[in-house]
K.L.:
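This is the structure I have questions about; it appears just below.
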Amino acid sequence: MLVAIVNYRVADLVIDCLRSVAREISSVPGTQVVVCENGTGDDSATRIQQAITDNGWGDWCSLIPLAVNLGFTGGNNVIIKPAMSRSDPPEYVLLLNPDTIVRPNAFKALVDFMDRNPKVGIAGSRLEDPDGTPQRSAFRFHSPFGEFEANLKLGLVSRLLARWVVAPPVRDDTFETDWVSGASMIIRRQVIETTGLLDEGYFTYFDDIDYCFNARRKGWPTWYVPASRVVHLVGQSTGVNAHAKRIPPYLLEARRRYFLKNHGPLYAALADIGMIAGLSLWRLRVLLTGREDKSPPHLLADSLRHSVFSKGFMVSDVKLRP
């Protein structure tokens, strides 16, 4: 198995992650870990390499330093592409966020599940807070109804549209799902051979959804494996987390790319209508009831600005902007 970790501005978290990986590396014999230092522009590469050397991790861990930031997709592809071109490519590739801590047997649980189920293409871990509280990490594909429900946040509507809710409640059993978080996502070698590398047009965000969607099109389903437990320090690697912080443009651009690329202009327009209508009704509820609005600032205006109605219906690459 190849474990791919991409660092950007979180070298300390990468080292903590590697420390947890070190305790699990023997559970899956032959596992190799590659860290891509994704153009942070400081001494991150030196610090990570020093940690690898000082802790004796060099037998199973190596570092690829880059001069520029290629995003989550590009950084992972720098790791995956040469591995897949070898005469003995890895049977599995595990995408692992730098802001994670691997729990005991997390690797083994994923690999054992994949070995037992050769028709499964992708599997994801149960992500959780440091105290063990589970995070929602098995999802349904985004849809116009799902966009409306998520942004309206009204109990009655959520119940009526339950089959389209993107992030359903956490379950404790192993089951097939539409997509899993790329924070800890294992991919079978044959999936990469048939589906290709990650789409670098996303830069970051929606790339995991896109990959699971296109793998399914090729006949490779995705499953959720809660026996594999991984602590996820939400948003530490990107700066986007549960706190009310303005959504960066590249996330909304990635969302538009996903809908246009995979579903076409009409569906993308309906998804934007669903999101904008849901946000508008939510804002009206806030104004009429005086309830606290914990939504990211300017979300309605930003959603309009980055919708297909403002940016057009051409599939375009996401550019990193503040």
K.L.:
With sequence neighbours left out, what residues match D210 under salt bridge (charged side-chain N to carboxylate O under 4.0 Å, His left out)?
P.N.:
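Per chain and number, D210 pairs via salt bridge (charged side-chain N to carboxylate O under 4.0 Å, His left out) with K261.
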K.L.:
Run the side-chain contact (heavy atoms from CB on, under 4.5 Å) check on V230 and E128 step by step: do they pass?
P.N.:
CA-CA 6 Å; V230 173; E128 58 188 35; over 6 Å; no
K.L.:
If you measure from OG on S184 to CG on L96, what distance do you get to the nearest 0.5 Å?
P.N.:
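Here the interatomic distance stands at 5.5 Å.
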K.L.:
Is there a side-chain contact (heavy atoms from CB on, under 4.5 Å) between S62 and V35? Walk through the geometry before answering.
P.N.:
CA-CA 6 Å; S62 59; V35 178; over 6 Å; no
K.L.:
Under 4.5 Å between side-chain heavy atoms, hopping through other hydrophobics if needed: is there a path connecting L281 to L299?
P.N.:
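Different clusters: L281 never reaches L299 through Ile, Leu, Val, Met, Phe, Trp or Tyr contacts under 4.5 Å.
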K.L.:
Quick test of your reading of the model: are R188 and E193 salt-bridged, counting only N-O distances below 4.0 Å?
P.N.:
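Between E193 and R188 there is no salt bridge, as every charged N stays at least 4.0 Å from the carboxylate O atoms.
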K.L.:
Please answer whether the main-chain N or O of Q190 pairs with a side-chain N or O of T194 as donor and acceptor at a distance below 3.5 Å.
P.N.:
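Here the side-chain-to-backbone pair exists.
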K.L.:
Check for a donor-acceptor pair, side chain of S20 on one end and backbone N or O of I101 on the other, with a separation under 3.5 Å.
P.N.:
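Checked: no pair found.
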K.L.:
Spell out, as yes or no, whether a donor-acceptor pair under 3.5 Å connects the side chain of E24 to the backbone of N105.
P.N.:
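The answer is yes, because a donor-acceptor pair under 3.5 Å joins these two groups.
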K.L.:
Honestly curious: do L161 and I273 fall in one hydrophobic cluster under the side-chain, below-4.5 Å linking rule?
P.N.:
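In one cluster with L161: I273, no.
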K.L.:
For I192, enumerate each residue passing the side-chain contact (heavy atoms from CB on, under 4.5 Å) test, keeping only those at least two apart in sequence or located in another chain.
P.N.:
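I192 satisfies side-chain contact (heavy atoms from CB on, under 4.5 Å) with I80, M84, V93, I187, L197, Y211 only.
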K.L.:
About how many Å separate OG1 of T204 and OH of Y250, when rounded to the nearest 0.5 Å?
P.N.:
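Here the interatomic distance stands at 7.0 Å.
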K.L.:
Start with the C-alpha distance between R9 and D42, add both sets of side-chain angles, then the distance that settles salt bridge (Lys or Arg N to Asp or Glu O under 4.0 Å), and finish with yes or no.
P.N.:
CA-CA 8 Å; R9 296 183 176 177; D42 58 9; over 6 Å; no
K.L.:
Residues sharing L288's hydrophobic cluster, by side-chain heavy-atom contacts under 4.5 Å among ILVMFWY, directly or via others?
P.N.:
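Other cluster members: L284.
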K.L.:
Output yes when a side-chain donor or acceptor of R229 lies under 3.5 Å from a complementary backbone atom of R126, and no otherwise.
P.N.:
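No; judged by distance alone, with no hydrogens or angles, the pair does not exist.
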K.L.:
How many angstroms lie between atom NE2 of H298 and atom CZ of R246, to the nearest 0.5 angstrom?
P.N.:
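The CZ atom of R246 is 4.5 Å from NE2 of H298, to the nearest 0.5 Å.
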K.L.:
Mind running side-chain contact (heavy atoms from CB on, under 4.5 Å) on L13 and C17 for me, showing each step along the way?
P.N.:
CA-CA 6 Å; L13 293 181; C17 177; over 6 Å; no
K.L.:
Taking only residues two or more places apart in sequence or in another chain, which ones pass side-chain contact (heavy atoms from CB on, under 4.5 Å) with V308?
P.N.:
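Expected list: R256, L260, A268, A269, D272, F313.
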K.L.:
Within this structure, what is the SG-CD1 distance for the pair C61 and I25, rounded to the nearest 0.5 Å?
P.N.:
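So the gap between those two atoms works out to 8.0 Å.
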K.L.:
List the residues meeting ring pair (Phe, Tyr, Trp, His ring centres under 6.0 Å) with W164, not counting sequence neighbours, and say none if there are none.
P.N.:
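Here the qualifying residues are F145.
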K.L.:
With sequence neighbours left out, what residues match Y258 under ring pair (Phe, Tyr, Trp, His ring centres under 6.0 Å)?
P.N.:
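Testing Y258 for ring pair (Phe, Tyr, Trp, His ring centres under 6.0 Å), a comparison that skips the adjacent residues, returns F206, H263.
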K.L.:
Could you check whether any side-chain N or O of N7 sits under 3.5 Å from a backbone N or O of A11, counting only pairs where one atom can act as donor and the other as acceptor?
P.N.:
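Such a contact is found between N7 side chain and A11 backbone.
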K.L.:
Out of D302, L304, L300, which residue meets the side-chain contact (heavy atoms from CB on, under 4.5 Å) rule with L279?
P.N.:
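Single side-chain contact (heavy atoms from CB on, under 4.5 Å) partner of L279 among D302, L304, L300: L300.
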K.L.:
Considering the options R285, K153, R283, which one meets the salt bridge (Lys or Arg N to Asp or Glu O under 4.0 Å) requirement together with D293?
P.N.:
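Among the candidates, only R283 passes.
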K.L.:
Under the rule for salt bridge (charged side-chain N to carboxylate O under 4.0 Å, His left out), what residues qualify as partners of R47, not counting sequence neighbours?
P.N.:
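Once residues adjacent in sequence are excluded, the partners of R47 under the salt bridge (charged side-chain N to carboxylate O under 4.0 Å, His left out) criterion are D12, D43.
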K.L.:
Could you walk me through whether E253 and R257 pass the salt bridge (Lys or Arg N to Asp or Glu O under 4.0 Å) test, one step at a time?
P.N.:
CA-CA 6 Å; E253 293 288 315; R257 177 183 176 84; over 6 Å; no
K.L.:
Could you grab the distance from atom OG of S307 to atom CE of M275, nearest 0.5 Å is fine?
P.N.:
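Spacing of OG (S307) from CE (M275) equals 10.0 Å.
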K.L.:
Using a 3.5 Å cut-off and no angle test, enumerate the donor-acceptor pairs between side-chain atoms of residues 67-75 and protein atoms at least two apart in sequence or in another chain.
P.N.:
from	atom 1	to	atom 2	distance (Å)
N69	OD1	N38	ND2	3.0
N69	OD1	G71	N	2.8
T73	OG1	F203	O	3.2

K.L.:
Partners of R86 by salt bridge (charged side-chain N to carboxylate O under 4.0 Å, His left out), sequence neighbours excluded?
P.N.:
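Here the qualifying residues are D88.
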K.L.:
Specify the closest pair of heavy atoms between M185 and S181, including all atoms of both residues, with the distance to one decimal.
P.N.:
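Distance-wise, the nearest heavy atoms are CB-O, 3.6 Å.
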K.L.:
Please assess L18 against I5 for the test side-chain contact (heavy atoms from CB on, under 4.5 Å), listing each intermediate value before the final yes or no.
P.N.:
CA-CA 9 Å; L18 290 175; I5 301 174; 4.0 Å; yes
K.L.:
Do R163 and V165 come within less than 4.5 Å of each other through their side chains, counting heavy atoms only?
P.N.:
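Sidechains of V165 and R163: no contact.
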K.L.:
Check whether any side-chain N or O of Q135 sits under 3.5 Å from a backbone N or O of H232 as a donor-acceptor pair, and report yes or no.
P.N.:
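Yes, because the side chain of Q135 sits within donor-acceptor range (under 3.5 Å) of the backbone of H232.
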K.L.:
I need the minimum non-hydrogen distance between V180 and A123, along with the two atoms involved.
P.N.:
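In terms of heavy atoms, the two residues are closest at CG2-C, 4.1 Å.
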K.L.:
Has T100 got a side-chain atom pairing as donor or acceptor with V231's backbone, closer than 3.5 angstrom?
P.N.:
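A pair under 3.5 Å: no.
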K.L.:
Would you name the heavy atoms of P226 and T174 that are closest together and state the gap between them?
P.N.:
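P226 and T174 have their closest heavy atoms at CD-OG1, 3.6 Å.
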K.L.:
Under the rule for ring pair (Phe, Tyr, Trp, His ring centres under 6.0 Å), what residues qualify as partners of W282, not counting sequence neighbours?
P.N.:
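Here no residue qualifies.
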K.L.:
Give every residue pair that meets the ring-ring contact (aromatic ring centres under 6.0 Å, His included) criterion with at least one member in residues 92-113, sequence neighbours excluded.
P.N.:
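Those involving residues 92-113 are F113-W223.
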K.L.:
Treating Ile, Leu, Val, Met, Phe, Trp and Tyr as nodes and any side-chain heavy-atom pair under 4.5 angstrom as an edge, say whether W57 and I48 lie in one connected cluster.
P.N.:
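Both belong to a single hydrophobic cluster.
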K.L.:
Identify whether V315 and F309 are in the same connected component of the hydrophobic contact network (ILVMFWY, side-chain heavy atoms under 4.5 Å).
P.N.:
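As far as the 4.5 Å side-chain criterion goes, F309 and V315 are connected within one cluster.
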K.L.:
Please give me the minimum heavy-atom distance between T177 and R216, naming the atom from each residue.
P.N.:
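Nearest heavy atoms, T177 then R216: O-NH2, 3.2 Å.
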K.L.:
Using modelled atom types only, decide if a donor and an acceptor are shared between the side chain of S228 and the backbone of S125 within a distance under 3.5 Å.
P.N.:
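Judged by distance alone, no pair lies under 3.5 Å.
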K.L.:
So, taking the atom named CG in D208 and the one named CG in N76, what distance separates them when rounded to the nearest 0.5 Å?
P.N.:
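Between atom CG of D208 and atom CG of N76 there are 10.5 Å.
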K.L.:
Consider ring pair (Phe, Tyr, Trp, His ring centres under 6.0 Å). Of F139, W220, Y224, F213, which one does W179 pass it with?
P.N.:
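In the set F139, W220, Y224, F213, the residue that makes a ring pair (Phe, Tyr, Trp, His ring centres under 6.0 Å) with W179 is F139.
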K.L.:
Less than 4.5 Å apart, any side-chain heavy atom of V3 and any of Q32?
P.N.:
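No; the side chains remain at least 4.5 Å from each other.
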K.L.:
Quick one: do E149 and R159 satisfy salt bridge (Lys or Arg N to Asp or Glu O under 4.0 Å)? Show the steps, please.
P.N.:
CA-CA 9 Å; E149 182 278 330; R159 289 190 291 274; over 6 Å; no
K.L.:
Please determine whether residues L270 and L252 belong to a single hydrophobic cluster, defined as Ile, Leu, Val, Met, Phe, Trp and Tyr linked transitively by side-chain heavy-atom distances below 4.5 Å.
P.N.:
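Different clusters: L270 never reaches L252 through Ile, Leu, Val, Met, Phe, Trp or Tyr contacts under 4.5 Å.
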K.L.:
Using only atom types and a distance under 3.5 Å, with no angle test, would you say the side chain of D129 pairs donor to acceptor with the backbone of D131?
P.N.:
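Side chain of D129 to backbone of D131: no pair is present.
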K.L.:
Answer yes or no: is there a donor N or O on one side and an acceptor on the other, between the side chain of S158 and the main chain of L154, under 3.5 Å?
P.N.:
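A pair under 3.5 Å: yes.
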K.L.:
Hey, can you tell me if Y267 and F259 have their rings parallel, tilted or perpendicular (30° and 60° cut-offs)?
P.N.:
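Ring orientation, 0 to 90° scale: tilted.
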K.L.:
Which residues, ordered by chain and number, are linked to L156 in its hydrophobic cluster, where ILVMFWY side chains connect at heavy-atom gaps below 4.5 Å, directly or through other members?
P.N.:
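Result for L156 is L160.
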